[in-house]
Participant: 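This is the structure I have questions about; it appears just below.
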Amino acid sequence: MKLNHLNLTVTDVLAARKFLETYFGLTCTAARGNGFALMYDEDEFVLTLMYGKEVNYPKTFHIGFPQKSREQVDEINKRLKEDGFDVQPPVQSHGYTFYVKAPGGFTVEVVH
């Protein structure tokens with residue numbers, strides 16, 4: 001059995017879409033303004049973004065993007081920091097990892 005898709009409710013579909021395209025290589029194949037975006041990763045996993053006026057994910061909720069090396073984790077962290085995101089340096093925990101609050105109201109983990 002394989003997980004096929006995930007729907008995230010976000011307060012800003014356009015900003016969340018741009019964030020996921022820019023830093024994580026997702027591709028948007030369909031969109032309706034700031035109301036909806038259909039995105040795919042390189043393994044054809046489907047991520048849909050749908051607009052919601054309020055987003056209240058639990059504190060520990062996040063989506064994860066595994067990387068092939070610590071250097072890739074460092075590079076994404078550096079790019080996010082240079083672009084103004086509030087990110088802490090990666091730490092060794094359950095992997096080499098850091099978290100970032102994404103536009104739209106959800107959290108992303110980057111890990112090796």
Side-chain angles (χ1 to χ4, degrees):
M1 197 169 300
K2 180 179 175 181
L3 181 62
N4 172 269
H5 70 275
L6 174 69
N7 180 77
L8 290 178
T9 302
V10 298
T11 56
D12 190 334
V13 171
L14 295 172
R17 171 186 165 184
K18 182 179 177 189
F19 176 82
L20 293 166
E21 289 171 328
T22 301
Y23 301 103
F24 302 103
L26 272 69
T27 303
C28 183
T29 60
R32 281 185 249 133
N34 197 38
F36 173 82
L38 176 66
M39 305 189 79
Y40 287 88
D41 72 7
E42 60 190 25
D43 294 321
E44 297 184 8
F45 180 79
V46 179
L47 179 65
T48 56
L49 305 174
M50 297 182 92
Y51 173 76
K53 190 179 261 189
E54 294 182 28
V55 174
N56 295 305
Y57 289 111
K59 183 178 178 181
T60 58
F61 176 84
H62 64 277
I63 62 172
F65 289 95
Q67 303 301 305
K68 294 180 180 177
S69 71
R70 291 171 64 103
E71 291 76 21
Q72 287 177 315
V73 173
D74 288 335
E75 179 59 30
I76 293 170
N77 184 273
K78 179 182 174 202
R79 288 178 56 210
L80 286 163
K81 190 169 212 54
E82 287 173 350
D83 290 347
F85 288 91
D86 181 21
V87 292
Q88 297 300 311
V91 296
Q92 186 62 48
S93 179
H94 55 280
Y96 186 64
T97 187
F98 72 92
Y99 295 84
V100 61
K101 190 76 164 180
F106 61 100
T107 300
V108 168
E109 178 184 16
V110 181
V111 63
H112 167 70

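Here the structure is a predicted model, which means the values were calculated and not measured.
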Participant: Looking at the rings of F65 and Y23, which for Trp means the six-membered one, are their centres under 6.0 Å apart?
Facilitator: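 Centroid distance F65-Y23: not below 6.0 Å, so no.
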
Participant: Rounded to the nearest 0.5 Å, how far apart are CE of M50 and CG of L38?
Facilitator: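 Reported to 0.5 Å precision, the distance equals 10.5 Å.
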
Participant: What are the two closest heavy atoms between Y96 and P90, and how far apart are they?
Facilitator: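 For Y96 and P90, the tightest heavy-atom pair comes out as CZ-CB, 3.4 Å.
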
Participant: From K101 NZ over to D86 CG, what is the distance, rounded to the nearest 0.5 angstrom?
Facilitator: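 One finds 11.5 Å between NZ of K101 and CG of D86.
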
Participant: May I have the step-by-step check of side-chain contact (heavy atoms from CB on, under 4.5 Å) for L14 and Y51, ending in yes or no?
Facilitator: CA-CA 9 Å; L14 295 172; Y51 173 76; over 6 Å; no

Participant: Does the side chain of F85 come within less than 4.5 Å of V108's, by heavy atoms?
Facilitator: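 No, every pair of side-chain atoms sits at 4.5 Å or beyond.
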
Participant: Do F106 and V46 belong together in a cluster built from hydrophobic side chains that touch within less than 4.5 Å?
Facilitator: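 Each belongs to a different hydrophobic cluster.
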
Participant: With a sphere of 6.0 Å drawn around CD of E82, does it hold more than 12 non-hydrogen atoms of other residues, nucleotides or ligands?
Facilitator: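 For E82, atom CD is crowded (more than 12 foreign heavy atoms under 6.0 Å).
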
Participant: List the atom of H112, the atom of S69, and the distance in Å for their closest heavy-atom pair.
Facilitator: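 So the two residues come closest at ND1-N, 3.4 Å.
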
Participant: To the nearest 0.5 Å, how far apart are CZ in R70 and CD in E75?
Facilitator: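 R70 CZ to E75 CD: 15.0 Å, rounded to 0.5 Å.
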
Participant: If you measure from CG on L26 to CG on L49, what distance do you get to the nearest 0.5 Å?
Facilitator: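 Output value for this atom pair is 8.5 Å.
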
Participant: If you measure from CD on Q67 to CG on N77, what distance do you get to the nearest 0.5 Å?
Facilitator: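 Those atoms lie 11.5 Å apart.
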
Participant: Would you call I76 and V100 a side-chain contact if the rule is heavy atoms closer than 4.5 Å?
Facilitator: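 In short, these two side chains do not touch, never coming nearer than 4.5 Å.
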
Participant: Are any non-hydrogen side-chain atoms of T97 and V73 less than 4.5 angstrom apart?
Facilitator: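 When only atoms from C-beta onward are counted, V73 and T97 do not touch, as no gap falls below 4.5 Å.
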
Participant: Judged by atom type as modelled, is there a donor-acceptor pair below 3.5 Å linking the side chain of H62 to the main-chain atoms of T60?
Facilitator: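 Checked: pair present.
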
Participant: Please determine whether residues I63 and F36 belong to a single hydrophobic cluster, defined as Ile, Leu, Val, Met, Phe, Trp and Tyr linked transitively by side-chain heavy-atom distances below 4.5 Å.
Facilitator: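 Result: no, two separate clusters.
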
Participant: Checking side-chain contact (heavy atoms from CB on, under 4.5 Å) for the pair H94/E109: CA distance, chi angles, key distance, verdict?
Facilitator: CA-CA 12 Å; H94 55 280; E109 178 184 16; 2.6 Å; yes

Participant: Does a side-chain heavy-atom distance below 4.5 Å link L8 with F61?
Facilitator: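 They are in contact (side-chain heavy atoms under 4.5 Å apart), so the answer is yes.
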
Participant: Any donor and acceptor pair, going by atom type alone, linking the side chain of Y57 with main-chain N or O of T9 inside 3.5 Å?
Facilitator: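 A pair under 3.5 Å: yes.
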
Participant: Are the side chain of D41 and the backbone of G25 linked by a donor-acceptor contact shorter than 3.5 Å?
Facilitator: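 Flag not set: sc D41 to bb G25 has no pair under 3.5 Å.
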
Participant: Test of understanding: clusters of I, L, V, M, F, W, Y form through side-chain heavy atoms closer than 4.5 Å, transitively. Do V111 and F19 belong to the same one?
Facilitator: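 Each belongs to a different hydrophobic cluster.
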
Participant: Could you walk me through whether N34 and R32 satisfy the side-chain contact (heavy atoms from CB on, under 4.5 Å) test, starting with their C-alpha distance in whole Å, then the side-chain angles of each, then the deciding distance to 0.1 Å, before giving a yes or no?
Facilitator: CA-CA 6 Å; N34 197 38; R32 281 185 249 133; over 6 Å; no

Participant: To the nearest 0.5 Å, what is the distance between CZ (R17) and CE (M39)?
Facilitator: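 Going from the CZ atom of R17 to the CE atom of M39 covers 6.5 Å.
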
Participant: Using the rule that two of Ile, Leu, Val, Met, Phe, Trp, Tyr join whenever any of their side-chain heavy atoms come within less than 4.5 Å, decide whether V110 and L6 are in one cluster.
Facilitator: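 Result: yes, single cluster for both.
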
Participant: With the 4.5 Å side-chain cut-off for hydrophobic clustering, are L20 and F45 part of the same group?
Facilitator: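 Shared cluster, yes.
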
Participant: Could you tell me which non-hydrogen atom of P103 sits nearest to which non-hydrogen atom of A16, and how far apart they are?
Facilitator: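 Closest approach of P103 to A16, heavy atoms only: O-CB, 3.3 Å.
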
Participant: Decide if atom CD of Q92 counts as having more than 12 heavy atoms of other residues, nucleotides or ligands within a radius under 6.0 Å.
Facilitator: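 Yes, enclosed.
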
